[in-house]
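Quick caveat, the model's predicted, so the values are computed rather than measured.
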Amino acid sequence: MVSVNLGLVHYVLDHIYGTVLHRTKLGTPFFSKGWGGTKLDLLEKMVKQLFPEARCQNWPPTAVQPMWKTVWETKSSCLREGVFRTTCDPRLIEALPPESHNARVAFLTPKVSPEKMACVIHLAGTGDHSFERRLRLGGPLLKDNIATMVLESPYYGQRRPSMQHGSKLQCVSDLLLLGKATIDEALSLLYWLQNEAGYGKMGICGLSMGGVHAAMVGSLHPTPIATLPFLAPHSAVVPFCDGLYRHATAWDALRKDAATLAQDVTSLTEDTAQKSGITIEQVRERLRSVLSLTDVTRFPVPKNPQAVIFVGATAWPGSEVRWVTGGHVSSFFLHNDAFRKAIVDALDRL
């Protein structure tokens, strides 16, 4: 009999997936249009102002009143979709593409009164452009009287700019804009769930990039909520500077843009960029510095750390870490039951 190391198999499968998807360079890379200029400057300033008193300064958040339509309905449950204007700071709305100004949510609920159930908002991981995957994760939770709200991120799905190819954001500033808008919108939806819809217990979860955003939302929320980052790095530095996405990043375009900004000229040839003295390694360090703004370990510890369950990630003191077998991609397809169990357990601790 041949013994198979499943962990090694999943590791190999993840790297085959990453190689086919990113190292072949068949598609448009991330950040092909550079850093984002003044948009990046604005975002760096705003993110640095998030803490340490952010929870007091930014609460209550901008109110939302989604316009709902029913997609389907049964005797025991209902799926609605809603649209609302993004709740970002007006300066960020100007920086967002017009397609991202209106947010979309799907809301899957059991037919019981809100005070008898909980609701968890599911945030998008990289490449998750639709509601379907997260609704499949949340659907079985209906039997536990847990509703699922799925938020479509800016730059994704129907909010994707017309010039963007797939999930490949065009500028570094787009990544920070996506994150900041997602956090603001999620906080507003949590406020709506509590104050308008009447939910007592609430939570926030997400896979990968969505897990990073979920950790930030849980940190910035002024009251205890269940917080569930699934397979999430501690910051965007990990995938883009050290992980597989480094093979899908337009390093030459970032170097050329950096050289343009440094020399204050309108355009540079690639040869001129090479002669500017800016190296790819310096560009990597600059990106590392910018993306370190997304490091969740810099954020305040949530109000109730015991209601924080990380699945396969670094945790805050007092929170729980659960490990699942497999790699980053394969774990999502293999361990949905473990994610659902974490959601139920975290809500029980509130």
Can you check whether [X] reaches [Y] side chain to side chain, under 4.5 Å on heavy atoms?
X	Y	answer
F339	L137	yes
V71	R80	no
P239	L244	no
V172	L254	yes
N304	T223	no
C119	I146	no
V296	R298	no
V120	T148	no

So, does [X] use its side chain to make a donor-acceptor pair with the main chain of [Y] at under 3.5 Å?
X	Y	value
K168	T28	yes
E99	S162	yes
H101	T86	no
T70	W72	no
T294	L291	yes
S219	A215	no
Q282	T279	yes
S188	A63	no
E132	R134	no
Y156	G127	yes

Rounded to the nearest 0.5 Å, what separates atom [atom1] in [X] from atom [atom2] in [Y]?
X	Y	atom1	atom2	answer
S76	K143	OG	NZ	13.0 Å
M117	Y199	CE	OH	3.0 Å
N102	L96	CG	CG	11.0 Å
I121	L228	CD1	CG	12.5 Å
L141	L347	CG	CG	8.5 Å
S235	L293	OG	CG	9.5 Å

Are [X] and [Y] joined in one hydrophobic group, where the rule is that I, L, V, M, F, W and Y side chains link up if heavy atoms are under 4.5 Å apart?
X	Y	result
V150	Y155	no
W68	Y191	yes
L142	F131	yes
L350	V344	yes
M46	W35	yes

Is [X] salt-bridged to [Y], cutoff N-O under 4.0 Å?
X	Y	result
E44	R286	yes
K341	D337	no
R159	E185	yes
E73	K111	yes
E320	R349	yes
D257	K33	no
R246	D242	no

- Does atom CD of Q306 have more than 12 heavy-atom neighbours, drawn from other residues, nucleotides or ligands, at distances under 6.0 Å? no

- Message: Would H122 and L207 count as a side-chain contact (heavy atoms from CB on, under 4.5 Å) here? Give the steps.
- Response: CA-CA 8 Å; H122 295 237; L207 176 80; over 6 Å; no

- Message: Applying salt bridge (Lys or Arg N to Asp or Glu O under 4.0 Å) to D41 and K45, what does each step give before you reach the verdict?
- Response: CA-CA 6 Å; D41 295 337; K45 291 177 182 176; over 6 Å; no

Please find the pair of heavy atoms, one from [X] and one from [Y], that lie closest to each other, and give the distance.
X	Y	answer
P229	I309	CD-O, 3.5 Å
T182	S153	OG1-OG, 3.5 Å
T227	G218	OG1-CA, 3.4 Å
S173	G36	OG-CA, 3.4 Å
G203	L190	O-CD2, 4.0 Å
P154	A181	CG-CB, 3.5 Å

- Task: Report the C-alpha distance between E94 and R91 in whole Å, list the side-chain angles of each, state the deciding distance to 0.1 Å, and finish with yes or no for salt bridge (Lys or Arg N to Asp or Glu O under 4.0 Å).
- Result: CA-CA 5 Å; E94 290 182 8; R91 292 171 294 174; over 6 Å; no

- Task: Run the numbers on E196 and Q65 for side-chain contact (heavy atoms from CB on, under 4.5 Å), then give the verdict.
- Result: CA-CA 9 Å; E196 298 291 333; Q65 289 295 336; 3.7 Å; yes

- Query: So, S289 versus S292: side-chain donor-acceptor pair below 3.5 Å or not?
  - Reply: no

- Message: Suppose the criterion is salt bridge (Lys or Arg N to Asp or Glu O under 4.0 Å): which pairs have a residue in residues 144-157, not counting sequence neighbours?
- Response: R104-E152

- Message: Assess the residue pair L176 and V290 against the criterion (side-chain contact (heavy atoms from CB on, under 4.5 Å)); give the C-alpha distance rounded to whole Å, side-chain angles, the decisive distance to 0.1 Å, and a yes or no.
- Response: CA-CA 9 Å; L176 296 185; V290 170; 4.0 Å; yes

- Message: Below 30° counts as parallel, above 60° as perpendicular, anything between as tilted: where do the rings of H221 and W59 land?
- Response: perpendicular

- Please walk me through it: do W192 and L187 pass side-chain contact (heavy atoms from CB on, under 4.5 Å)? CA-CA 9 Å; W192 179 86; L187 289 169; over 6 Å; no

- In this structure, which one of F240, W251, Y245 forms a ring-ring contact (aromatic ring centres under 6.0 Å, His included) with F31? F240

